[in-house]
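All values below were derived from every heavy atom in this structure, side-chain atoms included, with hydrogens, water molecules and symmetry-related copies excluded.
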Amino acid sequence: MVFGPAPDLSRFSPGPGITLWVDGAGGLRQRLRGGVSNPLFITPITILLFSLGVQFCLDVININNKILRVLCGCFVICSPLVACSITYYPFSDIYGYAFLCSAMSVWFFCCVRLPHHLNYVFGILSLVLAVGMYQTTVGVPLVLLVCRFVFDAYDQSMPLKQTLLRLTKTLLSVFASCVLYLVVMKAVQFFTGVGMADYRGSGSMSLSHAVASLGTSVPRTYTNYFDFIFGGSIVGNHFLAKWFNAALLVFSITSSLVLLARRRKSLVRCLCIAISALLAPMAAGAISIIVPDSGRLMPLMVGGYLVLQICQIAIALKVVMESVRWGRALLSGLSILIALLTWSSVLQVNTDAAAMKLTMNQASTIAQDILIRLGQNEAYLQGAPVMIVGSPWDGSLKAPYNQSRCSPYVNWGLFWNTWDGSSGCWQALLRLHSGASFQIPSPDEMRSIALTSEFTNMPLFPAMGSVNVVHGVLVVKITDTKALH
């Protein structure tokens with residue numbers, strides 16, 4: 001995988017995704033890895049953490065078949081979720097820890113019995129830690145709980161009243177986890193004086209806003225789910241992935257109908273199974289309800305939907321294992337389907353990695369040209385701040401790869417489309433590859449410069465006149481400002 005530049009994150013206040021106790025030079029993130037931030041060191045740790053998290057998920061939803069456990073582990077490790085996490089290597093292990101802790105919380109709730117209800121205490125602490133590390137993982141425990149309830153409702157050896165009581169206790173524990181997380185976050189903010197960043201709608205996050213937005217956010221969880229398995233705006237779904245996803249969906253729906261048919265004499269149990277199955281996509285996409293203005297999902301945010309697919313495998317396996325006549329054939333077909341899904345992800349991830357490498361190579365060459373042009377300007381030599389606007393592939397250059405075969409995450413490009421993010425990425429790239437050091441102006445200063453006639457009349461890089469001093473700031477105009485926000 002290719003690791004792209006990112007702006008100096010110390011300039012940003014922590015957002016809800018990576019909160020105060022895991023961010024910063026003195027945070028838990030640095031303590032867990034001893035301050036080391038090396039992809040060769042962090043990537044294996046990240047893969048290990050996701051692998052352990054998958055095994056906890058499989059324990060919760062009763063996938064005990066060894067072959068399927070291995071296949072499901074490979075399915076997750078080769079997914080765009082993990083690949084995208086690794087590209088953010090300063091935080092990739094945190095994404096892995098969050099996934100592991102979120103799965104472990106449900107494991108404590110549902111699979112462990114300790115005296116004095118200590119399993120619920122450990123589950124609450126695990127979920128608080130998971131949400132504190134990365135809030136979008138909240139869909140993972142919720143969808144696991146839904147799937148577990150489906151199996152408990154199907155199991156006639158347990159009275160339905162006891163099943164509902166266990167579900168109520170678990171949901172109360174989840175609620176307690178959310179309350180404890182908010183208390184800890186507010187306390188840390190109070191003592192440090194650092195506020196929340198307004199990133200992807202996090203600044204407007206509140207209970208009242210979430211409730212008022214239910215009419216749009218709840219349907220979005222379902223459209224996001226179908227976009228995740230069939231569409232192209234979240235993950236690529238090339239290399240026949242959407243067909244394999246369709247096969248898994250049909251397999252799981254058919255299995256759910258079989259489960260309902262086998263419990264048709266118990267109307268209440270059937271209703272519990274049917275309602276839970278219908279609510280599963282909403283549980284998986286809960287982050288869209290918690291933060292209604294979060295916008296379209298990134299691959300980093302699809303952990304709940306990915307685990308939902310594993311839950312679909314578990315439901316299909318339930319029917320397969322109870323089938324006397326067709327059990328072996330169905331198990332073989334299910335295993336082949338998971339293998340095909342994994343192979344499709346492998347092809348997609350490697351295609352994306354190749355495109356990212358080409359992008360990085362071209363960006364490095366362009367960065368060298370920019371540095372030469374900067375060095376020819378007296379303002380740069382005197383330490384003037386530098387404003388580099390936009391991505392070259394939004395301007396006069398074409399992307400060095402076939403965009404139709406890549407994930408939206410790759411087509412998003414190497415450079416952020418915000419004012420500070422754009423210049424910050426260029427700053428990081430030039431520092432990492434050339435040792436260049438310069439300051440960048442604030443976003444407000446950049447916006448005011450972009451409104452001047454001097455900036456408007458500048459041509460796009462690499463044309464002559466694309467590097468110029470405007471109001472004391474050395475400006476490199478790579479793209480039109482309409483691409484930024």
Evaluate the criterion side chain to side chain contact (heavy atoms under 4.5 Å, CB included) for residue pair Gln348 and Asn237; output intermediate values, then yes/no. CA-CA 8 Å; Gln348 185 66 67; Asn237 278 328; over 6 Å; no
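- In this structure, OG on Ser177 lies 4.5 Å from CZ on Phe109, to the nearest 0.5 angstrom.
- Here the CG atom belonging to Leu330 is positioned 8.5 Å from the CG atom belonging to Leu334, to the nearest 0.5 angstrom.
- With contacts defined as side-chain heavy-atom distances shorter than 4.5 Å, the pair Leu165/Lys161 does not qualify.
- Ring-plane geometry between Tyr88 and Tyr95 is classed as perpendicular, the angle between the planes exceeding 60 degrees on a 0 to 90 degree scale with a lower cut at 30.
- The shortest side-chain heavy-atom distance between Ser256 and Ile273 does not fall under the 4.5 Å cut-off.
- Expressed to the nearest 0.5 Å, how far CG of Leu297 lies from OG of Ser233 amounts to 8.5 Å.
- Between Leu337 and Leu248 there is a side-chain heavy-atom pair separated by less than 4.5 Å.
- Minimum heavy-atom separation, Phe244 to Leu341: CB-CD2, 3.4 Å.
- Ala339 and Leu71 make their closest contact through CB-CD2, 4.4 Å (heavy atoms, listed as atom of the first residue, atom of the second, distance).
- Side-chain contact check for Val112 versus Met104: every heavy-atom pair is 4.5 Å or farther apart.
- Proximity of a side-chain donor or acceptor of Ser79 to a complementary backbone N or O of Val76 within less than 3.5 Å is detected.
- Counting heavy atoms from C-beta outward, Pro141 and Val106 have side chains that approach closer than 4.5 Å.
- Between Ser288 and Asn224 the shortest side-chain heavy-atom distance falls below 4.5 Å.
- A donor-acceptor pair is defined here as one N or O able to donate and one able to accept, closer than 3.5 Å; such a pair exists between the side chain of Arg269 and the backbone of Asp155.
- The heavy-atom pair separating Leu129 from Cys101 by the smallest distance is CD2-SG, 3.8 Å.
- Ionic pairing of Arg220 and Asp227 is not present here: no N-O contact between side-chain nitrogen and carboxylate oxygen is shorter than 4.0 angstrom.
- Under the side-chain hydrogen bond (donor to acceptor under 3.5 Å, both in side chains) criterion, no residue pair touches residues 99-111, with sequence neighbours excluded.
- Side-chain atoms of Ser51 come within 3.5 Å of backbone N or O of Ile47 as a donor-acceptor pair.
- In this structure, OG1 in Thr351 is found 6.5 Å from CZ in Arg405, a value given to the nearest 0.5 Å.
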Given side chain to side chain contact (heavy atoms under 4.5 Å, CB included), test Val235 with Ser345 step by step and report yes or no. CA-CA 10 Å; Val235 295; Ser345 294; over 6 Å; no
Show, in sequence, the C-alpha distance, side-chain angles and deciding distance for Met360 and Leu429, and conclude whether the side chain to side chain contact (heavy atoms under 4.5 Å, CB included) test is met. CA-CA 9 Å; Met360 174 62 80; Leu429 183 64; 3.8 Å; yes
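- With a 6.0 Å radius and a threshold of 12 heavy atoms from other residues, nucleotides or ligands, Phe175 has its CZ atom at or below the threshold.
- The closest side-chain heavy-atom distance from Leu58 to Gln55 is below 4.5 Å.
- A donor-acceptor contact shorter than 3.5 Å links the side chain of Asn119 to the backbone of Phe108.
- The backbone N or O of Ala153 lies less than 3.5 Å from no partner atom in the side chain of Thr163, so there is not a single donor-acceptor pair.
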Pair Val184-Leu180, side chain to side chain contact (heavy atoms under 4.5 Å, CB included): steps then yes or no: CA-CA 6 Å; Val184 173; Leu180 181 58; 4.1 Å; yes
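- Heavy atoms from other residues, nucleotides or ligands lying under 6.0 Å from CD1 of Ile67 number 12 at most.
- Not a single donor-acceptor pair under 3.5 Å links the side chain of Asp93 to the backbone N or O of Ile45.
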List, one per line, each side-chain donor-acceptor pair under 3.5 Å for residues 305-320, sequence neighbours excluded.
unit_1	atom_1	unit_2	atom_2	d
Tyr305	OH	Thr221	O	2.5
Gln309	NE2	Asn245	OD1	2.9
Gln312	NE2	Tyr225	OH	2.7

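- Not counting sequence neighbours, Phe149 has no partner by the ring pair (Phe, Tyr, Trp, His ring centres under 6.0 Å) test.
- Residue Phe50 holds its CZ atom at 8.5 Å from OG of Ser92, rounded to the nearest 0.5 Å.
- To the nearest 0.5 Å, atom SG of residue Cys72 and atom CD1 of residue Ile338 are 4.5 Å apart.
- Here the closest heavy-atom approach between residue Cys78 and residue Val349 is recorded as O-CG2, 3.5 Å.
- Annotation for Thr342 and Cys74: closest pair CG2-O, 3.7 Å, computed over non-hydrogen atoms.
- Across every non-hydrogen atom of Cys84 and Thr87, the tightest pair is O-OG1, 2.6 Å.
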